[in-house]
Structures are given as structure tokens and as C-alpha cells.
Amino acid sequence: MDRAHLAERARDRAAALAAQGVHAVALTWVDNAGITRVKSVPTGRLPDAAAWGVGMSPVFDVFCLDDSVTTSRHIGGPTGDLRLHPDLDRLTVLAAQPGWAWAPVERWTQEGEPHAACQRRFARTMMERAAAAGLTLRMAFEVEWFLGQETEDAEDPRPAGTGPAYGMNRLVALSGYSDDLLATLAAQGVVVEQYHPEYSPGQLELSVAATDPVAAADANVLVRQTIRAVAARHGLRVSFAPVVTAGQVGNGGHLHFSVRDADGALFAGGAGPYALTARGESVLAGVLARLPALCAIGAPGVASYLRLVPQRWAGPYQCWGRENREAGLRFVTGVAGHGDQAANAELKCVDGAANPYLVAGAVCALVLDSVDAGLRLPAEIAVDPASLPDGDQPPRLPVSLPEAIGRLEADDGLRAAMGEALFDAFLAVRRAEVDLFADAGPAHVAAATRWRY
Ligand code: GLU
Ligand code: MG
């Protein structure tokens with residue numbers, strides 16, 4: 001780390017920020033509970049933060065969704081310190097929070113070594129490994145959220161903007177909010193591709209353009225905090241939780257991804273099913289085979305399994321299908337003739353409790369493991385799996401967090417990719433959250449999760 005160079009770059013950026021009326025910079029990272037944590041510095045301190053980092057305890061690696069603290073083999077307890085180093089390339093003026101800018105951080109030790117359990121570093125390392133193998137991954141996280149009225153009673157979430165699912169009525173009711181949101185994201189350089197009212201009461205969805213995996217995870221953090229900040233300006237509140245009300249359609253955080261090598265797109269222009277190349281088919285087969293383990297990362301909460309059930313378009317089956325919204329792996333070819341640019345795979349099981357850096361890093365790891373393994377996809381499921389006779393249905397993805405944890409524990413490839421410290425701390429948090437809700441029914445789980453994300 002070239003501290004002098006970092007300080008110099010940050011001095012220029014801080015001067016420009018100050019000239020725009022920015023007084024402070026929020027420095028965020030996402031913990032193993034999927035919660036975005038923050039420290040902030042006055043703008044004038046940015047050069048110091050860039051060069052030397054900002055202190056933060058490593059114990060946040062074992063924080064749970066309710067702020068209770070567990071422990072793990074390598075990380076836990078009140079001692080130690082880490083340094084948060086902002087990524088100056090991502091510094092963004094927050095248009096809905098006057099006076100504020102934002103940057104994501106990577107966490108380093110006081111000795112100037114990368115922190116072994118840094119989630120963003122994991123994503124970046126995996127992306128760099130893919131690049132070294134000649135692979136370019138593009139990713140985008142969709143965001144679904146519940147927009148609610150501020151009520152006295154947090155137990156009683158009241159949707160903002162009533163009206164039919166996907167209904168224009170709802171958009172009319174939320175015109176001002178929606179305009180403010182889209183303008184704010186545009187001012188922050190976020191490329192929005194679509195925005196619409198979703199199925200559940202008060203539910204909305206926004207999708208953004210694909211970028212590299214780390215940028216996609218950063219964008220996910222920025223977009224979610226922007227959605228929240230704009231809602232606050234309108235006296236509204238937001239939940240990205242996997243379910244807001246038990247028994248209703250939940251909030252997905254689907255990950256779209258595609259891969260290219262030196263010859264072009266792996267998911268188009270080939271001789272396999274839907275023009276998949278042999279390497280592309282092997283990637284999808286590899287990801288599909290390990291989807292149950294990935295669920296512990298992409299659907300990491302107890303509440304995630306209230307969402308991941310059939311016939312809610314959450315993709316709860318371990319199968320694939322073209323444009324099949326009940327398949328854990330939905331293959332998107334794009335419009336005929338546009339496959340080279342548009343073809344991608346969608347991981348439906350990912351939800352709003354997932355840490356996007358861990359999801360991005362894990363998917364890169366699965367791609368690397370499978371691209372040259374010569375794997376073939378099983379038969380496509382082209383119908384609603386629930387409509388098939390019992391014996392013909394594809395396997396369900398894990399139906400509970402303990403089941404998903406078991407599958408991840410058994411995945412040596414993901415263990416090796418994440419490294420012991422991160423893998424162990426992540427699993428410790430998952431297990432602690434299982435314990436937290438050991439005696440809780442669905443309504444309690446939903447209520448305890450609702451306003452944490
Ligand atoms: N809300 C659904 C979910 O839980 C997804 C709906 C859609 O396909 O966009 O994942
Ligand atoms: Mg949706």
C-alpha cells in the first residue's frame with residue numbers, strides 16, 4: 001500500500017468534495033449478517049483515512065442481524081483493531097443526503113496486511129483470479145423492497161401506495177417518490193435499467209446495468225442506501241428483508257451474471273442448449289450443482305426460508321430453465337439475435353439479507369471451478385416444478401437455514417476460496433441466527449428481521 005500516494009489522491013478528492021458542500025464521508029462495509037455498517041469522517045480527514053484507515057473492531061465479523069455478538073475460531077471478542085480503507089474510485093456524492101458522500105471500504109490490519117476475512121477483498125480476489133484465467137464476469141443485483149408508511153407500530157407494516165401488482169395505479173400514487181429516486185440515482189451515476197411496482201403490497205423493484213462483480217456489489221450497497229434515504233425524505237420507510245410479512249411474496253435480490261473469455265460470450269453463440277458454449281454449459285452445470293451450498297450465502301437468514309418456497313417466483317428448486325421463474329437458475333437468452341450481449345443466468349435464490357460481496361465472490365469461485373470441468377446440464381425444467389407429479393419434481397433447494405449451512409459446510413471449494421477465517425466467521429453467524437430463532441414462529445421471525453435490512 002502506497003500511503004503517500006493514497007493521501008495525495010484523497011487530498012484532491014476531498015478538496016473537490018468540500019467545494020460541492022460535502023462535509024463528511026460515510027465509509028461502509030457489509031458484515032456477515034448482510035448488514036451495512038458504517039464509520040464516517042469529516043471530509044478534511046479523508047486523506048488520513050485513505051492513507052492510514054479508520055479503526056474498527058474485527059468483532060463485527062461475528063455480529064448477528066439483531067446486533068448480538070457470537071464468536072468463531074479465528075475472530076471474536078473485544079480486542080484488536082482493523083483499519084477501514086475507502087476505495088477512492090467509488091467515492092460518490094450522496095444526492096439524497098445533502099452534505100454527505102460515500103465510499104465502500106476494504107479492511108486491513110494494523111500491520112498493513114489485508115484482513116483475511118474482508119468480504120469485499122474476497123470478491124475482488126475472486127474477480128482477479130477469474131481475470132487471470134482469461135474470464136470476464138459481468139454481474140447485476142436486482143433490488144426488491146417494501147415501501148411502508150412510518151407508523152407508530154413497527155409490528156404493523158403499512159404499505160405505501162396501494163394498488164394492483166405491477167399496477168400503474170401504484171406508480172401514480174408514488175410518482176413523486178419514484179421521480180426523486182430515479183433522479184437521485186442518476187445524479188450518483190447509477191445506470192438504472194428498469195423500475196416497477198412488484199407483486200406484494202408496497203413492493204417495488206429496480207434493476208441496474210451489469211458491471212464487474214465488485215462494482216455490482218458496491219452498486220447494490222449504494223442503491224439500497226439511496227432507496228432508504230429517498231424514502232426517509234418522503235416520510236416513508238423501507239425493508240429489503242427476505243419477507244416483510246410471513247406468508248406473502250418476499251423480497252428477492254436476484255443476481256444476474258454472464259461470463260466471457262477471449263472468444264466472446266460463454267452463454268451465447270455455442271452449440272449447446274440455447275446456444276450455450278461448452279464452457280458456458282459447464283459453468284451453469286457447476287453453479288447448479290452447488291446451488292444448495294450457495295443458498296447459505298445467498299439466502300443466509302432464517303427468514304430467507306420463509307421466502308424460498310414454491311410458487312412465489314423465488315426459485316426454490318435446484319433446476320434450470322429458460323425464463324423459468326420457479327427455477328433456482330433461470331437462463332435468460334435475451335431477444336433473438338441479441339444473445340451475445342444479453343444472455344445471462346439469474347440466481348433467483350439470492351435475497352435481501354445476503355452480503356453482495358460474498359455472493360459475487362462465491363459465484364466467481366464456482367465459475368472458476370467449473371468452466372473447464374466439462375460438465376453437462378441436466379434436463380431443463382420448462383414448466384412450474386410444482387405442477388409435475390411428485391416423483392418428477394426437481395429437488396428443492398434447502399428448506400431451512402440449518403440445511404443450507406450443512407451444504408455449505410460440506411463445500412470444500414467455497415471453504416478454500418473464502419479462506420478459513422471468513423468461512424468460519426460467516427458460518428458462526430449463520431449458526432447463531434439459527435439459535436436466535438430456535439423457538440420462533442414465522443410471524444416472529446418476519447417481525448424480527450423486517451426492519452434490520
Ligand atoms: N419477489 C420474488 C422473489 O422473492 C421475485 C419476483 C420476480 O421474479 O421478480 O424473489
Ligand atoms: Mg421482481
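FYI, the numbering just counts along the sequence from 1. All ligand and atom numbering here is 1-based and tracks the order in the structure.
In terms of protein heavy-atom proximity, atom 8 (O) of ligand 1 is closest to Lys348 NZ, 2.8 Å. Protein heavy atom nearest atom 9 (O) of ligand 1, with residue, atom name and distance: Glu198 OE2, 3.0 Å. For atom 2 (C) of ligand 1, the closest non-hydrogen atom of the protein is Glu144 OE1, 3.5 Å.
Close contacts of ligand 1 with Val249, meaning ligand atoms under 4.0 Å from a residue heavy atom, involve 1 (N). Each of the atoms 2 (C) of ligand 1 lies under 4.0 Å from some heavy atom of Arg312.
Within the model, atoms CZ of Arg407 and CD1 of Ile405 stand 13.5 Å from one another, a figure rounded to the nearest 0.5 Å.
Considering Arg90, Arg120, Arg121 in turn, Arg120 is the only one that fulfils the salt bridge (charged side-chain N to carboxylate O under 4.0 Å, His left out) rule with Glu106. With Arg452 as reference, Asp67 is the one residue of Asp67, Asp31, Asp66 to meet the salt bridge (charged side-chain N to carboxylate O under 4.0 Å, His left out) rule.
Salt bridge annotation for Asp263-Arg279: absent, with no cationic side-chain nitrogen under 4.0 angstrom from a carboxylate oxygen. The pair Asp212-Arg124 fails the salt-bridge criterion, with no side-chain N (NZ, NE, NH1 or NH2) lying under 4.0 Å from an Asp/Glu carboxylate O.
Residues Val105 and Asp87 form no side-chain contact, since every pair of their non-hydrogen atoms from C-beta on lies 4.5 Å or further apart.
Below the 2.8 Å limit, the Mg ion (ligand 2) has as protein N, O or S neighbours Glu144 OE2, Glu198 OE2, Glu205 OE1.
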Could you please spell out the steps behind the side-chain hydrogen bond (donor to acceptor under 3.5 Å, both in side chains) verdict for Asn344 and His256?
CA-CA 6 Å; Asn344 70 85; His256 290 262; 2.7 Å; yes

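Between His234 and Tyr177, the two ring planes are perpendicular [angle over 60°; tilted spans 30° to 60°].
Nearest to atom 4 (O) of ligand 1 by heavy-atom distance, out of Arg307, Glu205, His254, is Arg307.
Polar contact check, Gly250 against ligand 1: a nitrogen or oxygen pair lies under 3.5 Å apart.
Both tests hold for Arg224 against Phe240: distance to the six-membered ring centre under 6.0 Å, angle to the ring axis within 45°.
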